[in-house]
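Presented below is the structure to which this report refers.
This one's a predicted model, so the numbers in the text were calculated from it and none came from an experiment.
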Amino acid sequence: MAEFRFDESKFEPWATIKNQHRTPGMVAARKLHVAVSVARAEATHERMSELLAHVQTAREARGLVSLSTTCKSGGSGLSVVDFMAENTIEIDHQKARITRMQKSVGVSAKALHNLGEKNQRVWMLTLTYRGTNRDWKPEHISRYLDGLRKWHYSRTGIKKLRYVWVAELQKRGVIHYHVCVWLNHGLTPPKPDSAWKKHGQFQAPMWGHGMSNRVRATHPVAYLMKYASKGTSEGKFPHGARISGVGGLDEAGRGCRRWVLWPAYVQGNASIKDRFRPAKGGGYVNVDTGELLLSEFVPTGGGFTRFVRVRTTPKKLENTGGPFSWLSDKPGVTHA
């Protein structure tokens, strides 16, 4: 019996009984396929090399042993697999979006409430659609708020209006809005789906897409946080829909809102007066001083859902106690 030898040519796609000839097009396609595969492999290898270099630098900065001493025996260090498992996080973008909304709404509502007088009136307005999400348009909530500002200006002569709104899904899966507005004592906003008067002339309803509701809010922050906490339990928001908005904050309030939305490594190095913004390539940069804070995590794969910690940023500030602590002389807070 003859010795078996592997003939690589027999496993090429064109080496079949019915087709023994290689056309120029087939040869070109094979070369292209090989070139693309090699390029992808090289790119993956380069990316993993950069990632491991970041990890190695971070470990040395933290006083840990080199990853080249791969085993854990004798307490000499962690293997690459163990290190990645210990320092990798996975992010659900939908949940992260809801969490950011909750932080923004909670801090903004507190700041707006503190701007008013003790006898101010707070109203909760609910805007619903009579149809489905196909009737929704992103500009509907903006146009309603424009109408509310015009009404407020016609009554007070003041253009700035203090409000927070959140989007929520009904049980039937249709989006609707809850708008909380802070007004001076004696002012009552018109019912959104009813006509209102301006200089004696009736104006069209501010919300013409369905029904509305209007009630006094005795605990506005708690109301808003209740709706914000529901998130997407009844389905998904329409594509492109904003889920919250804020208006009427002063400079300090905008600083508090900005601070609470920063990642922890920025919060530990900035006050509400600092202006850090996302930097190209990751991290945050102070637009006034140029100070760059590199991100503590880098993505480990496609989709930007899984990240690994490559550094730990030292904190300049300790015991900040939240954004509102910058507005007082709270002991133990080091102000920048």
Side-chain angles (χ1 to χ4, degrees), residues 35-68 78-104 107 239-240 242-246 251 254-318 320 323 326 334 336:
V36 171
S37 299
V38 170
R40 287 177 177 173
E42 290 177 348
T44 301
H45 177 74
E46 183 179 356
R47 176 60 184 156
M48 290 304 298
S49 298
E50 293 177 357
L51 179 60
L52 289 175
H54 279 302
V55 172
Q56 180 60 42
T57 302
R59 288 180 65 79
E60 292 174 354
R62 293 160 61 185
L64 301 177
V65 299
S66 171
L67 283 171
S68 59
L78 293 174
S79 67
V80 175
V81 174
D82 291 331
F83 179 85
M84 296 289 283
E86 182 180 300
N87 291 274
T88 300
I89 61 172
E90 192 164 353
I91 294 179
D92 184 321
H93 289 292
Q94 192 68 21
K95 291 182 179 179
R97 186 187 187 195
I98 298 298
T99 299
R100 284 179 59 84
M101 184 260 283
Q102 292 172 341
K103 291 179 179 179
S104 174
V107 169
H239 179 71
R242 292 175 58 200
I243 59 176
S244 67
V246 180
E251 184 177 354
R254 289 192 295 271
C256 290
R257 179 174 178 266
R258 185 170 58 241
W259 188 92
V260 80
L261 293 177
W262 284 334
Y265 68 89
V266 179
Q267 292 178 349
N269 291 277
S271 74
I272 63 172
K273 295 181 181 179
D274 292 314
R275 296 195 300 160
F276 277 91
R277 293 180 180 175
K280 285 187 176 181
Y284 280 74
V285 62
N286 190 320
V287 297
D288 296 320
T289 66
E291 178 186 5
L292 176 64
L293 297 176
L294 296 175
S295 175
E296 293 186 331
F297 293 86
V298 296
T300 63
F304 289 90
T305 59
R306 186 169 294 180
F307 300 80
V308 62
R309 180 186 292 275
V310 296
R311 64 177 62 85
T312 300
T313 306
K315 291 184 178 181
K316 297 178 182 177
L317 309 174
E318 298 291 342
T320 56
W326 299 104
T334 306

Working note: S104 + V246, criterion side-chain contact (heavy atoms from CB on, under 4.5 Å); need CA distance, chi angles, decisive distance, verdict. CA-CA 8 Å; S104 174; V246 180; 4.3 Å; yes

Taking it one step at a time, do F307 and S295 satisfy side-chain contact (heavy atoms from CB on, under 4.5 Å)? CA-CA 11 Å; F307 300 80; S295 175; over 6 Å; no

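The only member of N286, T289, D288 that meets side chain to side chain donor-acceptor pair (under 3.5 Å) when paired with R275 is D288.
Rounding to the nearest 0.5 Å gives a distance of 9.0 Å between CD of Q102 and CD1 of I243. Annotation: the span from L292 atom CG to K280 atom NZ amounts to 13.5 Å, rounded to 0.5 Å. Between the CZ atom in F276 and the CD atom in Q267 there is a gap of 12.0 Å [rounded to 0.5 Å]. Note: T313 OG1 to K315 NZ = 10.0 Å, rounded to the nearest 0.5 Å. Here C256 contributes atom SG and K103 contributes atom NZ; the two are 14.5 Å apart, rounded to the nearest 0.5 Å. The distance from the CG atom of D274 to the CZ atom of R258 is 8.5 Å, given to the nearest 0.5 Å.
Without hydrogens or angle criteria, R277 side chain to Y284 main chain gives no donor-acceptor distance under 3.5 Å. Remark: side-chain polar atoms of N269 are not paired, donor with acceptor, to backbone N or O of V266 under 3.5 angstrom. W259 contributes no side-chain N or O that, together with a main-chain N or O of R254, makes up a donor-acceptor pair within less than 3.5 Å. Side chain of T99 to main chain of K95: a donor-acceptor pair is present (N/O by atom type, distance under 3.5 Å, no hydrogens or angles). A side-chain donor-acceptor contact under 3.5 Å links D92 to the backbone of Q94.
Side-chain contact between T305 and I91 is absent, with no heavy-atom pair separated by less than 4.5 Å.
Within 6.0 Å of atom CD in E251, 12 or fewer heavy atoms from other residues, nucleotides or ligands are found, so the atom counts as exposed in its surroundings.
Comment: R311 does not engage E296 in a salt bridge, judged by the lack of any side-chain N to carboxylate O separation of less than 4.0 angstrom.
In terms of heavy-atom proximity, A270 sits nearest to W262 at CB-CZ3, 3.7 Å.
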